[in-house]
Amino acid sequence: MAKLAVPLLIFFFLLSCIPSQAAPPLQTPLQTPIQKDHSTSQYIITAYLKTPLMPTKLVLDLGATYSWVNCDDYISSTYQHVPCNSSISNSLSGYGCEDICDGPPGPNCANNSFLFIPNNPIKPVDYKKVNGLNDALVDYLALLNNLGSLSSIDNFIFSCARTGFLKGLAKGVTGLASLGNSNLSIPVQINKAFSSSPNCFAMCLSGSISQPGVALFGSKGPYNFLHGIDLSKSLLYTPLIFNPFGKDFDPYSHRSPEYYVGLTSIKVNGKMVAFNKALLAFNDRGYGGDQD
Ligand SMILES: *[C@@H]1O[C@H](CO)[C@@H](O)[C@H](O)[C@H]1NC(C)=O
Ligand SMILES: *[C@@H]1O[C@H](CO)[C@@H](O)[C@H](O)[C@H]1NC(C)=O
Ligand SMILES: *[C@@H]1O[C@H](CO)[C@@H](O)[C@H](O)[C@H]1NC(C)=O
């Protein structure tokens, strides 16, 4: 199984996460502020989607296979469906195909359209009340680059969703941004569009209201956050491991979109916590850890 080369850095830097103005330009082509919603504790990015580009607030999800956006009020002059049996849909492993849609044509209704089954990680969608099958769409996605202008991916693939999918998500949010271990995650799609940029992303999460955090896509560093301080040098690194059958695993690729770290023990205030350490591991069938 090919291992995804995504050195994932999540650092919690509480004072200031704004890249310093005087710092040399970052290597990363794209970045976006991360705002914490204090009533839900969700982290939100603002991406630019559609034509004309519209700011779109998306909840960050480190364990989602693909991004999704509410299509009940989706207006764009450039969106396209992914035809079933097309080369794109065949690379996505079969979720399903909508052969005929009876309703008025629109982003979430087309004949011969590839389908996704998105979910809401905060409040699971009640598929008895809300149609879980939603059209795959391709449209423009843009994020700020390090020069302060927008760089766009013209064939960003995501799933439509419906208003019923937004329950439990922060106010103003209209979808979800996938950063999971998947070929459809935003970092991987950016890497495909800008192949010169490394397939890496970093996130600085800030709890501050006045100083947002930042997500950086396509840079191995330096991460210059304060004058002369490159945080990529002082971070601690640990390998990510992938659970073949973990939460939300894809029945076709047998791969969980979630990232795991190989925990061996837990210390609190320097004191080892006594518990059955076998519970921390999972086997090649995915059992163990949080699956028990
Ligand atoms: C897609 O291909 C399969 C197998 O080749 C075929 O059975 C199916 O009808 C095709 N669907 C469409 C919408 O062309
Ligand atoms: C799908 O095709 C049928 C005819 O086969 C047509 O009546 C219907 O309007 C089409 N639906 C859409 C959304 O274009
Ligand atoms: C991504 O695509 C590559 C090549 O198509 C494949 O080898 C790899 O397993 C895929 N990764 C995931 C997480 O699906």
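Counting convention: from 1, in listed order, for ligands and their atoms alike.
- Distances from atom 9 (O) of ligand 2 to the protein include no heavy-atom value under 4.0 Å.
- For the residue pair Ser152 / Asp154, no side-chain donor-acceptor distance below 3.5 Å is found, with atom types taken as modelled.
- Under the 30°/60° scheme for interplanar angles, the aromatic rings of Trp68 and Phe165 are found to stand perpendicular.
- Relative orientation of the Phe114 and Phe116 rings is perpendicular, given thresholds of 30° and 60° on the angle between their planes.
- Taking a 6.0 Å sphere around CG of Asn269, one finds it holds 12 or fewer heavy atoms contributed by other residues, nucleotides or ligands.
- The nearest protein heavy atom to atom 4 (C) of ligand 2 is not closer than 4.0 Å.
- For ligand 2, the polar-atom distance check against Cys101 finds a nitrogen or oxygen pair separated by under 3.5 Å.
- Side-chain contact, Ser178 with Asp61: no donor N or O sits under 3.5 Å from an acceptor N or O.
- The distance from ligand 2 to the heavy atoms of Asn111 drops below 4.0 Å at these ligand atoms: 1 (C), 2 (O), 3 (C), 8 (C), 10 (C), 11 (N), 12 (C), 14 (O).
- In the vicinity of Gly103, heavy-atom distances shorter than 4.0 Å reach the ligand 2 atoms 13 (C).
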